[in-house]
Amino acid sequence: MHKLQPILLPAAPEAAVAASARPARRRRTGRARLVPIAGVVLGVGLLASACTGGSSDKATADTDPSGSGPAAAENHDEHEGQHTNTVDVGPLALFAADYWSIVQPSEGLTQVRAGGCPEGEACPSFDVLSGDAVGEIDTTQAYVPEGAFCPGPGKLEVGASTETSTLDVEIDGAKGTLTRFDLSCVDATGAEQMTVEQLQWFIPESPNGPTLIADRWAFEGLESRLYAGTWATASA
């Protein structure tokens, strides 16, 4: 069974993320096992895009229905290349990487993809569910939407999942949990080919209602970005 190598995606600006990051508190002693991810090669052009100058503290990301372009924030800070703006990702305002492409496939679901990944491919992505969409799933289990594939080549389907650890966390004052799952990736015959780790944050009572974030692609810096993020203004 093959072991995967991790996808290294650009981290958030250290100054912006570190200033706001809140440490997670371990709730249960289950030990997480990091399963490296390999087989996906992303070009430099797919993972990064240029930014334009500006001074606004907050901007709204473009929602590209095709998922083919980068997340576009209206303004960036050019001082030493540090970004000081955030983009709205569902109910959260996060410091986004340049290669993020933000789409909204359905009500209550926001998906962040690696911009430039061809439509129909198993694109690196993470999901943010909020409000009524969270009520339709079992938050104690690994969230794997219909049609989702494991990271890597071959479009392996997700089989069984096993919880490995749970931590108490806090995002912008709202308490919740970070649960880690091992996902079994199987071929058409049901034979396991590899395993990957999924990180899943659940905030039951945010200003915008229950929120769940699921990442099985090991987006670098996502944990720090979440702890440095804020809740977007709740709908009236």
| query | Which residues satisfy the side chain to side chain contact (heavy atoms under 4.5 Å, CB included) test with Gln111, sequence neighbours excluded? | reply | Val103, Pro105, Arg113, Ser125, Asp127
| field | Ala232 versus Gly90, closest heavy-atom pair with distance | value | CB-O, 4.5 Å
| Are any non-hydrogen side-chain atoms of Cys123 and Trp217 less than 4.5 angstrom apart? | no
| query | Are Phe202 and Leu226 linked, directly or through other ILVMFWY residues, by side chains that come within less than 4.5 angstrom of each other? | reply | no
| task | Mind checking the CG-OG1 spacing from Leu94 to Thr230? Nearest 0.5 Å is all I need. | result | 7.5 Å
| request: Could you walk me through whether Val128 and Val112 pass the side chain to side chain contact (heavy atoms under 4.5 Å, CB included) test, one step at a time? | output: CA-CA 8 Å; Val128 180; Val112 177; 5.5 Å; no
| message | So, applying side-chain hydrogen bond (donor to acceptor under 3.5 Å, both in side chains) with Gln198, which one of Arg180, Glu163, Arg216 is it? | response | Arg216
| message | Between Phe219 and Leu109, is there shared hydrophobic-cluster membership here, with clusters defined by ILVMFWY side-chain heavy atoms closer than 4.5 Å? | response | no
| remark: In short, Pro204 meets Gly176 closest at the heavy-atom pair CD-CA, 4.1 Å
| Is Leu222 reachable from Tyr99 through a run of hydrophobic residues whose side-chain heavy atoms are each under 4.5 Å from the next? | yes
| said: If you compare all heavy atoms of Asp168 against all heavy atoms of Thr177, which two are closest, and at what distance to 0.1 Å? | reply: OD1-CG2, 4.1 Å
| task | Enter the distance from Tyr143:OH to Asp215:CG here, rounded to the nearest 0.5 Å. | result | 13.0 Å
| task | Identify the two heavy atoms, one from Ile102 and one from Thr110, that lie closest to each other, and give their separation to 0.1 Å. | result | CG2-CG2, 3.7 Å
| Shortest non-hydrogen separation from Leu178 to Leu199 and the atoms involved | CD1-CB, 4.0 Å
| request: Applying side chain to side chain contact (heavy atoms under 4.5 Å, CB included), name anything that partners Ala160, two or more places apart in sequence or on another chain. | output: none
| query | Roughly how far, to the nearest 0.5 Å, is CG of Leu156 from OG of Ser184? | reply | 9.5 Å
| query | Are side-chain N/O atoms of Asp187 and Thr189 paired as donor and acceptor at under 3.5 Å? | reply | yes
| said: Show the nearest heavy-atom pair for residues Asn208 and Trp231, with the distance to one decimal. | reply: OD1-CB, 4.0 Å
| Hey, mind stepping through Tyr227 and Ile171 against side chain to side chain contact (heavy atoms under 4.5 Å, CB included) and telling me if it holds? | CA-CA 5 Å; Tyr227 300 148; Ile171 297 178; 4.0 Å; yes
| query | Is there a donor-acceptor pair closer than 3.5 Å between any side-chain N or O of Glu197 and the backbone N or O of Ala218? | reply | no
| Distance in Å, Ser206 OG paired with Leu92 CG, rounded so as to fall on 0.5 Å steps | 7.5 Å
| task | Check for a donor-acceptor pair, side chain of Thr211 on one end and backbone N or O of Gly209 on the other, with a separation under 3.5 Å. | result | yes
| request: For the residue pair Ile137 and Leu129, establish whether any side-chain heavy-atom pair is separated by less than 4.5 Å. | output: yes
| query | With hydrophobic residues grouped by side-chain heavy-atom distances under 4.5 Å, do Val134 and Val144 end up in a single group? | reply | no
| Does Leu212 belong to the same Ile/Leu/Val/Met/Phe/Trp/Tyr cluster as Trp201, with side-chain heavy atoms less than 4.5 Å apart forming each link? | no
| said: To the closest 0.5 Å, what do you measure between SG (Cys150) and CD (Glu157)? | reply: 9.0 Å
| request: Could you grab the distance from atom CD of Gln200 to atom CZ of Phe181, nearest 0.5 Å is fine? | output: 5.0 Å
